[in-house]
Amino acid sequence: MESTGRFNKRRHVVAMPYPGRGHINPMMNFCKLLATKFSLKDDIRISFVVTEEWLGILGSESRLPPQIQLRSIPNVIPSELVRGSDHKGFFEAVQTKMEDPFEQFLDHLQQEDVPGVVVTAIISDTLLPWTVSVGNKKNIPVVSFWTTSPSLFSIVYHIDLLAQNGHYPVDFSSGRADELIDYIPGVSPIRLSDMPASLNRSNEQAFKVVSEAVSEVRKARCIVFTTYHELEPLAIKALMEVLPVPVYPVGPSIPLPMMPGDDHARTKSIDKMDKVEYYLEWLDSQPEESVMYVSFGSFLSTSSEQMKEILAGLSESCVRYLLVSRSVKDRNNSNEMDSSRSLVVPWCNQLRVLCHSSVGGFLTHCGWNSILEVIYAGVPMLTFPVAMDQLTNSKLIVDHWKIGMKVIKEVGAERPVKREEITSTVKKFMNLSGEDEESKDMRTRAKEFKKSCRQALAKDGSSTANLCNFIKNVLQYHYN
Ligand SMILES: O=c1ccn([C@@H]2O[C@H](COP(=O)(O)OP(=O)(O)O[C@H]3O[C@H](CO)[C@@H](O)[C@H](O)[C@H]3O)[C@@H](O)[C@H]2O)c(=O)[nH]1
């Protein structure tokens, strides 16, 4: 069926994210962006597949364009509520239990579709390698979607090089922390201690499974990165050379403004669109760039002992801060906190917070989405990596891009990091003396990164061009 003359068939894309906030968010943002490139009469349909549990969560929070429909498969994996407590078990269940329901869902979908509509592509998280076999079996092209950095992809993809050089599996506590790994294509020399935590012998099995998933990309139609080209040009170039499939960096895949002129700043036009959240009102009452935003992502947390030290360190530093803590149910529970100087919230609209002019720093666990969001906002980071890719991300932020500082300075540093250490680092990072040149430089650079990030998204930017090529080459659609 033709709808505009530019189509030979109507498009139906099935999006299958890994079941976790850090994966669902960027894929949803990408789908929303895709939808904006098609008019309604062009008739693209995007079925966004999540578990029933996630359907409940997303259903109540999303304003979706009409082209995107939330669809579900049964809850065959452990609940999101316990994911953080058994990450390994959760990951294993995702690898083994979701394939069958997904395949049944596809079969059902194809019967349900009106004649002339076919599933044009499956966009699937790279960590769900079984989608590639299902897609290949059904002759549906699979787009692999990678939600962390291209550098990390290159590290995992080159597991053979790591093994040949005696760096996989390896024991991080074996006194080899300072060994330099300087042979991964596109990745600047990096100390063993800055490599992803899963390389450690104790996580050997998990790293192997991830590396098998990554090698399946060779059988996909292409790979989409949530980043933008200028952020890691060497890693992206290296991957373009080694991968047998096209590479499309289309990011940052963040909740971009959908309205012209919406710059995520706190403006009257936005206030009309969204109800004003109390934490934004609180931010309104704080001085420019004075507040430190503190969040450890969507499901991880530090130990309660460490959190106690962080809170004491922040309080001692006298910095203003906005902390996300899932154990806080409402603002009244922020008990003895000095409410004029700090606020604790259970959840917030993170991008809106980061773009608020009162925010001057982000104490972060270095999840990749948080990094892209804060780069877009032009705010520097104080890094506190907890697990997985976060160590490597922290290295990029501090040593490579120089838009952040570390809380944990040395490998094997005493844990928990003590309050005195946190206080002195926070004071320096936020430049509370007003005279810290390193902090000033870092702030200037963060603003330069903001510029290049937004340029990538501009009409003539690299991400826009890559998205256009993706739509043309993979979805076979030519738009102006
Ligand atoms: O109060 C909050 C807290 C978080 N977020 C959002 O939640 C997402 C969190 O994503 P991310 O920063 O990537 O953290 P995780 O949820 O921990 O992400 C997992 O997935 C990422 C992408 O693969 C990895 O980089 C991380 O290490 C891994 O923990 C971001 O979009 C945030 O904007 C909010 O909107 N409000």
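These values consider heavy atoms only, across backbone and side chains, with no hydrogens, waters or symmetry-generated copies. Indexing begins at 1, ligand by ligand and atom by atom, following the structure's order.
- When heavy-atom distances to ligand 1 are checked against a 4.0 Å cut-off, D389 comes that close only through its side chain, counted from C-beta outward.
- Within the listing of ligand 1, atoms 10 (O), 16 (O), 18 (O), 20 (O), 22 (C) sit less than 4.0 angstrom from a heavy atom of G22.
- Screening residues 66-75 for side-chain hydrogen bond (donor to acceptor under 3.5 Å, both in side chains) gives R71-E112 as the qualifying pairs, with residues at least two apart or on separate chains.
- Between F30 and Y248, the ring center distance fails the sub-6.0 Å criterion.
- The closest donor-acceptor contact from the side chain of R445 to the backbone of W401 lies under 3.5 Å.
- Heavy atoms only, all atoms of each residue included: R419 and E309 are closest at N-OE1, 2.9 Å.
- No donor-acceptor distance shorter than 3.5 angstrom exists from the side chain of E288 to the backbone of G360, with no hydrogens or angles considered.
- Close N/O approach between H365 and ligand 1 is found [any backbone or side-chain N/O within under 3.5 Å].
- Residue contacts with ligand 1: C348 is included, with a non-hydrogen atom under 4.0 Å away.
- Within the listing of ligand 1, atoms 11 (P), 12 (O), 13 (O), 14 (O), 25 (O), 26 (C) sit less than 4.0 angstrom from a heavy atom of G367.
- The side chain to side chain contact (heavy atoms under 4.5 Å, CB included) test applied to A220 returns S144, not counting sequence neighbours.
- Annotation: N349 places no N or O atom under 3.5 Å from an N or O atom of ligand 1; distance criterion only.
- Taking the charged nitrogens against the carboxylate oxygens, K208 and E212 do have a contact shorter than 4.0 Å, which makes a salt bridge.
- At a heavy-atom cutoff of 4.0 Å, ligand 1 is contacted by both the backbone and the side chain of Q350.
- Of the candidates F145, Y18, W54, Y18 is the only one forming a ring pair (Phe, Tyr, Trp, His ring centres under 6.0 Å) with H23.
- Close approach of ligand 1 to W368 (heavy-atom distance below 4.0 Å) involves ligand atoms 13 (O), 24 (C), 25 (O).
- Contacts between V324 and ligand 1 below 4.0 angstrom, taking non-hydrogen atoms only, involve the side chain exclusively.
- Here's the thing with S295: none of its N/O atoms is less than 3.5 angstrom from an N/O atom of ligand 1.
- Proximity of L351 to ligand 1 is not established, as no heavy-atom distance is less than 4.0 Å.
- Close contacts between ligand 1 and T147 involve ligand atoms 22 (C), 23 (O) [criterion: under 4.0 Å to a heavy atom].
- Short contacts between ligand 1 and H23, defined as distances under 4.0 Å to a heavy atom of the residue, involve ligand atoms 20 (O), 23 (O).
- The shortest N or O to N or O distance between R21 and ligand 1 is not below 3.5 Å.
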> For D389 and S149, what are the C-alpha separation, side-chain angles and deciding distance, and is it a side-chain contact (heavy atoms from CB on, under 4.5 Å)?
Replying inline: CA-CA 8 Å; D389 56 331; S149 77; over 6 Å; no
